[in-house]
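Presented below is the structure to which this report refers.
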Amino acid sequence: MRALPENQATSTATAPSGPAAAPGRTTDPASAVVTGCRVLGTDDHGDPVWGHVSQRDPDGRGVWLKTGPRGFDEVAADDVALVDLDGRLLEGSGPPPREYPLHTEVLRARGDINSVVHCHPPYSIALAATGAPLYAFSNGAGPFAGGVPRFEEPAGLVETAELGAAVADCLGDARGLFLVGHGIIAVGSSVSTAVTTAILLERACRLQVLAASAGGVDPALHHPGKRYAHAESDGYLLRTWDYLVRRVDSSA
């Protein structure tokens with residue numbers, strides 16, 4: 001496992017300057033997972049009760065993640081548990097999801113991230129099924145200008161350490177991954193950035209499916225260069241995250 005960058009192991013979110021943190025930016029890992037699930041639940045990422053959000057434990061004990069089966073929009077504190085990297089329950093109730101290795105192995109391989117999202121959004125699944133790459137021709141697609149890798153092994157559920165490690169290897173240093181015929185993975189330095197990455201990936205895929213129905217993406221847009229360099233920072237993602245949390249709060 002790669003060593004965590006300095007200070008990252010004890011920080012689960014990027015705190016803004018000022019006297020108070022923005023809504024939804026919390027250093028409590030269980031609360032972060034709940035909020036991340038609720039945000040996904042307002043954005044058509046449920047299937048209807050499958051999918052998970054995880055957060056690396058700041059004390060190095062393992063990973064906090066959604067148990068199931070609960071829809072993203074109904075997840076509460078009781079639906080989040082702490083498991084070690086081998087899937088043993090440490091805190092909380094209910095067994096961990098069968099696909100916990102997807103989270104633990106990606107976190108084991110990627111010391112630069114603290115959160116993994118796995119979900120089944122429709123446009124991402126549809127675009128991946130076409131075999132076409134994702135083209136970055138919108139702000140939403142900007143974080144993926146470097147491409148989105150494809151895990152094409154017909155594995156079904158990622159429920160073994162071996163499959164989880166294979167997924168992590170395919171992900172490499174990317175922000176997101178198509179699990180072809182299954183769903184997506186999105187990762188980030190916090191639940192906030194990982195969830196926002198998942199939502200932006202789905203919106204980028206939706207735009208490309210729309211473009212395909214209108215004749216396809218202009219080849220001039222296949223290679224964006226540095227057009228979306230501004231979309232590569234966590235700050236860019238967190239501005240969107242703050243809006244997404246406000247939207248959840250306003251609908252409560």
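Just the heavy atoms: all of them, side chains too, but no hydrogens, waters or symmetry mates, feed the values below.
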Revision key, fill the gap. Only residue of Ile185, Leu200, Thr197 satisfying side-chain contact (heavy atoms from CB on, under 4.5 Å) with Arg175 is Thr197

**Study point:** Smallest separation among heavy atoms of Tyr228 and Gly142, with atom names
**Key:** CB-CA, 3.5 Å

Study note, to complete from the structure: d(Trp64 CH2, Leu90 CG) to nearest 0.5 Å is 8.5 Å

Review point. If you round to the nearest 0.5 Å, how far is NZ of Lys66 from CG of Leu40?
Key: 10.0 Å

Practice item. List the steps, then state whether side chain to side chain contact (heavy atoms under 4.5 Å, CB included) holds for Phe72 with Val53. Key: CA-CA 9 Å; Phe72 281 138; Val53 174; 4.2 Å; yes

Exercise for review: Walk me through it: do Ser192 and Leu237 pass the test side chain to side chain contact (heavy atoms under 4.5 Å, CB included)?
Suggested key: CA-CA 8 Å; Ser192 308; Leu237 297 173; over 6 Å; no

Exercise for review: Indicate yes or no for a side-chain donor-acceptor contact from Arg227 to the backbone of Ala145 under 3.5 Å, with no hydrogens or angles considered.
Suggested key: no

Review point. Do the non-hydrogen side-chain atoms of Leu163 and Glu153 ever get within less than 4.5 Å of each other?
Key: yes

Review point. Any sub-3.5 Å donor-acceptor pair from Arg110's side-chain atoms to Ala168's backbone N or O?
Key: no

Exercise for review: Keeping the roles fixed (side chain from Gln208, backbone from Leu127), state whether a donor-acceptor pair exists under 3.5 Å.
Suggested key: no

Review point. Just how far is it from atom CG of Leu102 to atom CG of Leu65, taken to the nearest 0.5 Å?
Key: 10.5 Å

Practice item. Indicate, with yes or no, if Leu179 and Leu201 share a hydrophobic cluster defined by side-chain heavy-atom contacts under 4.5 Å among Ile, Leu, Val, Met, Phe, Trp and Tyr. Key: no

Review point. For Arg98, does the CZ atom sit with more than 12 other heavy atoms under 6.0 Å from it, leaving out its own atoms?
Key: no

Point to revise | Exceeds 12 heavy-atom contacts within 6.0 angstrom, atom OH of Tyr236 | key: yes

Practice item. Indicate if Val75 and Leu82 have the same hydrophobic cluster label, given that clusters are the connected sets of ILVMFWY residues with side-chain heavy-atom separations under 4.5 angstrom. Key: yes

Practice item. Answer whether the closest heavy-atom distance between the side chains of Ile199 and Arg203 falls below 4.5 Å. Key: yes

Check your understanding: Any side-chain donor paired with an acceptor under 3.5 Å for Gln55 and Ser115?
Key -> no

Check your understanding: Taking all atoms of both residues into account, what is the closest heavy-atom pair of Tyr100 and Gly87, and its distance?
Key -> CE1-CA, 3.3 Å

Study note, to complete from the structure: Smallest heavy-atom separation, Ala81 atom then Leu89 atom, equals CB-CD1, 3.6 Å

Check your understanding: Taking Asp86 for the side chain and Arg88 for the main chain, is one N or O donor matched with an acceptor at less than 3.5 Å?
Key -> no

Check your understanding: What pair of heavy atoms forms the shortest contact from Pro29 to Pro58, and how long is it?
Key -> CG-CD, 3.9 Å

Review point. Honestly curious: do Val209 and Phe178 fall in one hydrophobic cluster under the side-chain, below-4.5 Å linking rule?
Key: yes

**Study point:** Non-hydrogen atoms of Ile125 and Gly183 that approach each other most closely
**Key:** CG1-CA, 4.0 Å

Study note, to complete from the structure: The reported gap from SG in Cys37 to CD in Glu74 (rounded to nearest 0.5 angstrom) is 10.5 Å

Check your understanding: What about Tyr243 and Val195, same hydrophobic cluster or not, with Ile/Leu/Val/Met/Phe/Trp/Tyr joined at side-chain heavy-atom distances under 4.5 Å?
Key -> yes

Review point. Would Glu91 and Arg61 pass as an ion pair if we require N to O under 4.0 Å?
Key: yes

Point to revise | Backbone N/O of Gly60 and side chain of Asp57: donor-acceptor pair under 3.5 Å | key: yes

Point to revise | Check: Arg56 side chain, Leu107 main-chain N or O, donor-acceptor pair, under 3.5 Å | key: yes

Point to revise | Any Thr35 side-chain heavy atom under 4.5 Å of Val191 side chain | key: no

Check your understanding: So do the side chains of Thr160 and Pro101 get within less than 4.5 Å of each other, counting heavy atoms only?
Key -> no

Check your understanding: Considering all heavy atoms of both residues, which atom of Glu99 and which atom of His182 are nearest to each other, and what is their separation?
Key -> OE2-CE1, 3.0 Å

Review point. Could you give the distance from CG (Asp73) to CG (Asp43), rounded to the nearest 0.5 Å?
Key: 12.0 Å

Review point. Transitively linked via ILVMFWY side-chain contacts under 4.5 Å: Val63 with Val167?
Key: yes

**Study point:** Inter-residue atom distance Phe151.CZ - Cys170.SG, 0.5 Å rounding
**Key:** 6.5 Å

Exercise for review: Carefully, step by step, assess Arg70 and Asp79 under the rule salt bridge (charged side-chain N to carboxylate O under 4.0 Å, His left out).
Suggested key: CA-CA 8 Å; Arg70 303 285 284 179; Asp79 304 307; 3.6 Å; yes

Check your understanding: Going through the distances and angles, do Cys119 and Ile184 end up as a side chain to side chain contact (heavy atoms under 4.5 Å, CB included)?
Key -> CA-CA 6 Å; Cys119 51; Ile184 67 163; 3.8 Å; yes

Exercise for review: Assess whether side chain to side chain contact (heavy atoms under 4.5 Å, CB included) is satisfied between Thr196 and Thr193, documenting all intermediate values.
Suggested key: CA-CA 5 Å; Thr196 304; Thr193 55; 5.7 Å; no

Check your understanding: Stepwise, does the ring-ring contact (aromatic ring centres under 6.0 Å, His included) test hold for His103 with His52?
Key -> CA-CA 9 Å; His103 298 265; His52 328 99; 5.4 Å; yes

**Study point:** Short side-chain to backbone donor-acceptor contact, Glu202 and Ser124, under 3.5 Å
**Key:** yes

Review point. Where do Asp234 and Ser189 land on the side-chain hydrogen bond (donor to acceptor under 3.5 Å, both in side chains) test, with the steps shown first?
Key: CA-CA 8 Å; Asp234 278 5; Ser189 62; 2.5 Å; yes

